[in-house]
Structures are given as C-alpha cells and as structure tokens.
Engineer: 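One structure, pasted below without further comment.
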Amino acid sequence: MYIAIAGNIGSGKTTLTRMLTERYSAKAYLEEVDNPYIGDFYEDMNRWSFNLQIRFLGSRIRQTMDMLSQKDAAMIFQDRTIYEDAHIFAANLHEMGLMATRDIETYMKIFDLVTELIPRPDLLIYLKAGVPTLTAQIRKRGREYEQHIDECYLKCLNDKYDRWIGTLYDGPLLVVDKDREDFVSDPAVLERICARLDALKTAR
C-alpha cells in the first residue's frame, strides 16, 4: 500500500512520515534535503530554479523506481510526491518569472514521461497549513537556508496547493488542517489518521 504525504515547506511531512513508518513498521521514502542547489536557489531563485527542480525530479524518479521494486512491502510512505514538484514548485517558479518558458517545457516533458510509469498513491495525506504555522515550523527546525524564505513565496505555494488539491488531484485524499490539528501534540489527530489507514488496509 502506497501512502503519500503532501504539504508546503514546514507543514510537517517528514515528522508525520517518520511517525507512521514507526507505527506500521513500514518503509519510508524521505524528501532529499541535501540537494546541492538548494542554498544557491534561495540566494538567487532565477538563476538556480531549473537546476534545483531537475535535481528534485531526478531524486523522485529514483525513489519511484525503488518503490516499484518493493513488491513485498506491506506499506510504503513517501514524503512529498512527484506531482507536487511539477504542479506546485516548478509551476510556481514559472509563474513568478523565475523559470524560463523553455525550461518549464523541458521539465514538464520529463515529468509527463515519468508519471506514465508511476502508480497513483492509495491515499494522499495533505497537510494543509497557513503561512504563520509554516513560518513557525521553519524557524523551529532551524535549517539555515530556509530562514529567509519570503512569506509571499509560501503564500503562492499554498495557493498552488489549494488549486492542485481542489481541481487537479482526483485520487483518495485525507486533509489534515495543521493550523488546528497537530499530530505531534495531540495523539487523537494521529489516531484519526491511522484509523483511515487501517480501514484502507482492511478494504484491500
């Protein structure tokens, strides 16, 4: 069973992935955090946007190929999806004028080819969070390259997530409102998430 966890920067994807992986003794695929372009990107988004996104896309392709080989795994959790790379981050950079049209077209050709081979998640857990929640979490985890992320950038990404979830994504979905539902401090929130997963397992 393939469970994907989606959400903006600082929404808690990695934390939830680790919690669920431990709970179900499952295999986790975490987002690459040592992308060699990420520091340069936050310093000069226009120059490094294409490099950054291609590197993330390549990492997601490697993850996907490994996932496809895990035929005996009962559950797999993935921290961020390839769909977010394209429909949220790359699309936002292009709309902001930070990725050239020929670059986004090249990127999307690769994305379209790869997604023909990717299984859709059995469940997408979307961690929806407002900008104040995101910025608080970003400060708390203290990654140096994230400390100067513009709040307008986070807001643009949130708008993209709302559009993607509301109009483009048509698979099984569970939305967690991180502004009011904190699965770290409130065990009941985690139990609600697990109840959905347990029901999904039973139905298979």
Side-chain angles (χ1 to χ4, degrees), residues 1-24 26-33 56 60 63-64 67 74-93 95 111 115 118-141 146 149 151-204:
M1 191 162 67
Y2 165 32
I3 310 300
I5 300 175
N8 205 341
I9 303 164
S11 60
K13 299 180 304 300
T14 302
T15 299
L16 182 59
T17 299
R18 294 187 187 280
M19 292 171 74
L20 292 175
T21 299
E22 181 177 356
R23 171 83 169 241
Y24 290 98
K27 185 171 180 60
Y29 288 86
L30 301 177
E31 184 176 27
E32 180 184 26
V33 295
F56 275 132
R60 210 76 65 188
Q63 281 191 354
T64 300
M67 286 168 52
M75 295 187 80
I76 291 173
F77 292 94
Q78 185 180 36
D79 173 0
R80 184 163 282 151
T81 68
I82 196 170
Y83 307 103
E84 292 164 85
D85 288 334
H87 295 301
I88 310 300
F89 291 91
N92 185 62
L93 288 168
E95 286 191 11
F111 169 79
T115 50
I118 296 176
R120 190 169 63 177
D122 295 296
L123 179 67
L124 178 75
I125 302 174
Y126 171 44
L127 305 183
K128 182 179 175 66
V131 172
T133 298
L134 297 174
T135 54
Q137 286 295 111
I138 288 169
R139 292 192 197 100
K140 183 178 179 181
R141 70 186 181 189
E146 291 181 341
I149 294 178
E151 291 190 1
C152 290
Y153 177 64
L154 293 175
K155 173 64 167 55
C156 287
L157 294 178
N158 267 354
D159 291 344
K160 280 280 183 295
Y161 269 105
D162 288 343
R163 178 175 179 271
W164 178 56
I165 292 295
T167 65
L168 298 177
Y169 190 77
D170 61 355
L173 176 68
L174 173 62
V175 178
V176 178
D177 184 350
K178 275 299 302 298
D179 293 338
R180 296 183 296 176
E181 300 177 297
D182 187 348
F183 44 77
V184 175
S185 62
D186 185 356
V189 177
L190 182 62
E191 292 306 315
R192 181 173 72 86
I193 296 170
C194 291
R196 177 70 180 273
L197 295 176
D198 293 341
L200 194 61
K201 285 175 61 179
T202 302
R204 288 176 65 85

Engineer: Using 0.5 Å steps for rounding, measure from the CD1 atom of Ile88 to the CH2 atom of Trp164.
Structural biologist: 6.0 Å
Engineer: With side-chain hydrogen bond (donor to acceptor under 3.5 Å, both in side chains) as the test, would you mind laying out the steps for Asn8 and Ser11 before giving the verdict?
Structural biologist: CA-CA 5 Å; Asn8 205 341; Ser11 60; over 6 Å; no
Engineer: Step through the shown structure and confirm whether more than 12 heavy atoms of other residues, nucleotides or ligands are within 6.0 Å of CZ on Arg196.
Structural biologist: yes
Engineer: Working to the nearest 0.5 Å, report the span between CD1 of Ile125 and CD1 of Ile5.
Structural biologist: 5.0 Å
Engineer: Could you work out, with side-chain contact (heavy atoms from CB on, under 4.5 Å) as the rule, every residue matching Ala91, not counting sequence neighbours?
Structural biologist: Lys160
Engineer: Can you see which heavy atom on Thr21 is nearest to which on Ala28, and at what distance?
Structural biologist: OG1-CB, 3.3 Å
Engineer: Within the supplied structure, the quantity of interest is the number of heavy atoms (other residues, nucleotides, ligands) at a distance under 6.0 Å from Arg180 CZ; does it exceed 12?
Structural biologist: no
Engineer: So, the side chain of Asn158 versus the backbone of Ala129: is there a donor-acceptor pair under 3.5 Å, distance only?
Structural biologist: yes
Engineer: Which heavy atom of Thr115 sits nearest a heavy atom of Ile82, and at what distance?
Structural biologist: CG2-CG2, 4.1 Å
Engineer: Would you please name every residue forming a salt bridge (Lys or Arg N to Asp or Glu O under 4.0 Å) with Glu31, sequence neighbours left out?
Structural biologist: Arg60, Arg80
Engineer: Is it the case that the side chain of Gln78 and the backbone of Ile3 share a donor-acceptor pair, with hydrogens and angles ignored and the cut-off at 3.5 Å?
Structural biologist: no
Engineer: Considering non-hydrogen atoms only, spot the tightest contact between Ala6 and Leu124 and give its length.
Structural biologist: CB-CD1, 3.8 Å
Engineer: How far apart are the closest heavy atoms of Ala26 and Met75, and which atoms are they?
Structural biologist: CB-O, 3.4 Å
Engineer: Can you name the ring-ring contact (aromatic ring centres under 6.0 Å, His included) partners of Phe111, sequence neighbours left out?
Structural biologist: His87
Engineer: For residues Lys13 and Leu30, determine if any side-chain heavy atom of one lies less than 4.5 Å from a side-chain heavy atom of the other.
Structural biologist: no
Engineer: Are side-chain heavy atoms of Leu197 and Leu174 found at a separation under 4.5 Å?
Structural biologist: no
Engineer: Would you give the length of the straight line joining atom CD1 of Ile165 to atom CZ of Arg163, rounded to the nearest 0.5 angstrom?
Structural biologist: 12.5 Å
Engineer: Working note: Asn92 + Tyr153, criterion side chain to side chain contact (heavy atoms under 4.5 Å, CB included); need CA distance, chi angles, decisive distance, verdict.
Structural biologist: CA-CA 9 Å; Asn92 185 62; Tyr153 177 64; 3.5 Å; yes
Engineer: With side chains defined as the heavy atoms from C-beta onward, is the minimum distance between Val176 and Val189 less than 4.5 Å?
Structural biologist: yes
Engineer: Give the C-alpha distance, both sets of side-chain angles, the deciding distance and a yes or no for side chain to side chain contact (heavy atoms under 4.5 Å, CB included) between Leu190 and Leu16.
Structural biologist: CA-CA 9 Å; Leu190 182 62; Leu16 182 59; 4.1 Å; yes
Engineer: What residues, two or more places apart in sequence or in another chain, satisfy side-chain contact (heavy atoms from CB on, under 4.5 Å) together with Glu151?
Structural biologist: Val131, Thr135, Arg139
Engineer: Within a strict 4.5 Å, meaning less than it, do heavy atoms of the Met67 and Lys27 side chains meet?
Structural biologist: no
Engineer: Mind checking whether Tyr83 and Leu168 have side chains closer than 4.5 Å, heavy atoms only?
Structural biologist: no
Engineer: Please state whether the rings of Phe89 and Tyr161 are parallel, tilted or perpendicular, taking 30° and 60° as the class boundaries.
Structural biologist: perpendicular
Engineer: Find the distance between OG1 (Thr81) and CD (Gln63) and round it off to the nearest 0.5 Å.
Structural biologist: 10.5 Å
Engineer: Looking at residues at least two apart in the chain, or sitting in another chain, which of them share a side-chain contact (heavy atoms from CB on, under 4.5 Å) with Lys128?
Structural biologist: Tyr126, Asp162, Val175
Engineer: Between Tyr24 and Cys194, is there a donor-acceptor pair closer than 3.5 Å when you use the side chain of the first and the backbone of the second?
Structural biologist: yes
Engineer: According to ring-ring contact (aromatic ring centres under 6.0 Å, His included), who are the partners of Tyr2, at least two apart in sequence or on a separate chain?
Structural biologist: none
Engineer: Rounded at 0.5 Å granularity, tell me how far CG in Leu123 sits from CG in Leu200.
Structural biologist: 6.0 Å
Engineer: Within the structure provided, determine whether Pro121 and Phe77 are in side-chain contact (heavy-atom separation under 4.5 Å).
Structural biologist: no
Engineer: Is there a side-chain contact between Tyr29 and Thr17 (heavy atoms, below 4.5 Å)?
Structural biologist: no
Engineer: With rounding to the nearest 0.5 Å, note down the distance linking CG in Asp122 to NZ in Lys201.
Structural biologist: 12.5 Å
Engineer: Where do Asp182 and Val184 come nearest, in terms of heavy atoms and distance?
Structural biologist: OD1-N, 2.9 Å
Engineer: For the pair Asp159 and Lys155, find out whether any cationic side-chain nitrogen is under 4.0 Å from an anionic carboxylate oxygen.
Structural biologist: yes
